[in-house]
Trainee: 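Below are the structure tokens for one structure; questions will follow.
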Amino acid sequence: NAGVTQTPKFQVLKTGQSMTLQCAQDMNHEYMSWYRQDPGMGLRLIHYSVGAGITDQGEVPNGYNVSRSTTEDFPLRLLSAAPSQTSVYFCASSASTGDGGGYTFGSGTRLTVV
Amino acid sequence: GENVEQHPSTLSVQEGDSAVIKCTYSDSASNYFPWYKQELGKRPQLIIDIRSNVGEKKDQRIAVTLNKTAKHFSLHITETQPEDSAVYFCAASQEKLTFGTGTRLTIIP
């Protein structure tokens with residue numbers, strides 16, 4: 001049982017490049033989400049999914065796309081990287097939303113856009 | 001949407017003393033309130049949570065209280081130890097989990 005697995009751990013992109021951050025969980029969790037963490041701003045929700053085929057926007061969705069074709073995987077795509085997207089990205093999953101239980105986080109992806 | 005405010009942003013306490021971190025939330029529909037601890041360079045880890053039908057929960061040296069009427073909840077750490085030094089985040093959820101901005105807790109030996 002690996003929990004939530006994120007790849008890559010580190011990435012440097014040039015402005016305008018695109019890439020996909022991978023997230024996979026093996027706990028059969030329905031709920032998955034992506035956060036970005038910036039100094040002094042806590043964790044801000046980018047996109048989330050309440051089940052396969054269902055996604056919705058969070059607080060800071062611009063510049064990012066997601067899809068959820070399977071329960072296990074929830075990739076985050078950066079369409080055209082900008083320096084403002086330099087951040088640490090965390091994927092998280094939970095058995096259910098609301099009061100259903102705790103969220104398990106992946107180990108994070110540190111992204112630098114130059 | 002939900003807005004979670006967290007205070008203080010930094011907190012230093014002597015080893016053995018107690019630490020209290022406070023959060024307020026705006027959406028009365030929120031019904032789940034977890035607390036996370038994040039050590040430097042690591043992922044956030046759940047340390048305790050409370051649901052809206054409970055006013056207080058305790059786990060060894062850690063306790064959380066919830067006042068739904070006032071829409072605030074607090075984390076209490078007693079008999080603090082050096083390993084308690086970290087950044088602590090509160091959060092509130094009804095469907096989406098919204099985080100506070102964090103408290104950097106430093107335990108002074």
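What's counted below: heavy atoms across the whole structure, side chains too, no hydrogens, waters or symmetry copies. Chain letters run A, B, ... following the sequence lines, proteins first and then strands; every chain starts at 1.
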Trainee: Heavy atoms, side chains only, cut-off 4.5 Å: are A:M41 and B:F99 in contact?
Mentor: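 No, their side chains stay 4.5 Å or more apart.
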
Trainee: Is the number of heavy atoms from other residues, nucleotides or ligands within 6.0 Å of CD (B:Q60) greater than 12?
Mentor: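 At most 12 heavy atoms, drawn from other residues, nucleotides or ligands, come within 6.0 Å of this atom.
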
Trainee: List for me each residue that meets side chain to side chain contact (heavy atoms under 4.5 Å, CB included) alongside B:S28, sequence neighbours excluded, and say none if there are none.
Mentor: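 Side chain to side chain contact (heavy atoms under 4.5 Å, CB included) check on B:S28 returns B:K71.
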
Trainee: Heavy-atom distance under 4.5 Å to chain B: side chain of A:S107, backbone, both or neither?
Mentor: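 For A:S107, the contact with chain B is made by backbone and side chain together.
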
Trainee: Hey, any chance A:V4 and A:W34 share a hydrophobic cluster, counting ILVMFWY side chains that come within less than 4.5 Å of each other, even indirectly?
Mentor: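 No, A:V4 and A:W34 fall in different hydrophobic clusters.
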
Trainee: Is there a path of hydrophobic side-chain contacts, each under 4.5 Å between heavy atoms of I, L, V, M, F, W or Y residues, that connects B:V13 with B:L75?
Mentor: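 Linked, B:V13 and B:L75 end up in one cluster.
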
Trainee: Quick one: what part of B:P44 sits under 4.5 Å from any heavy atom of chain A, side chain, backbone, both or neither?
Mentor: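 Both the backbone and the side chain of B:P44 come within 4.5 Å of chain A.
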
Trainee: In terms of heavy-atom proximity below 4.5 Å to chain B, should A:F90 be classed as side chain, backbone, both, or neither?
Mentor: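 The side chain, not the backbone.
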
Trainee: Which bit of B:Q45 is near chain A, if near means a heavy-atom gap under 4.5 Å: side chain, backbone, both or neither?
Mentor: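 Neither part.
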
Trainee: Are B:I47 and A:L43 linked, directly or through other ILVMFWY residues, by side chains that come within less than 4.5 angstrom of each other?
Mentor: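 Result: no, two separate clusters.
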
Trainee: Could you walk me through whether A:Q37 and B:F89 pass side-chain contact (heavy atoms from CB on, under 4.5 Å), step by step?
Mentor: CA-CA 12 Å; A:Q37 185 172 31; B:F89 292 96; 3.3 Å; yes

Trainee: Where on A:E59 is there a heavy atom nearer than 4.5 Å to chain B: the side chain, the backbone, both, or neither?
Mentor: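 When you check distances to chain B, no heavy atom of A:E59 falls under 4.5 Å.
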
Trainee: Are B:L97 and A:Y48 side-chain neighbours, meaning at least one heavy-atom pair lies under 4.5 Å?
Mentor: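 No; the side chains remain at least 4.5 Å from each other.
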
Trainee: For B:F33, is it the side chain, the backbone, both, or neither that has a heavy atom closer than 4.5 Å to a heavy atom of chain A?
Mentor: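 The answer is neither part of B:F33.
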
Trainee: Between A:L21 and A:V12, is there shared hydrophobic-cluster membership here, with clusters defined by ILVMFWY side-chain heavy atoms closer than 4.5 Å?
Mentor: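 As far as the 4.5 Å side-chain criterion goes, A:V12 and A:L21 are not connected within one cluster.
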
Trainee: Would you say CZ of A:R44 has more than 12 non-hydrogen atoms from neighbouring residues, nucleotides or ligands within 6.0 angstrom?
Mentor: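 Yes, CZ of A:R44 has more than 12 neighbouring heavy atoms, counting only those of other groups under 6.0 Å.
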
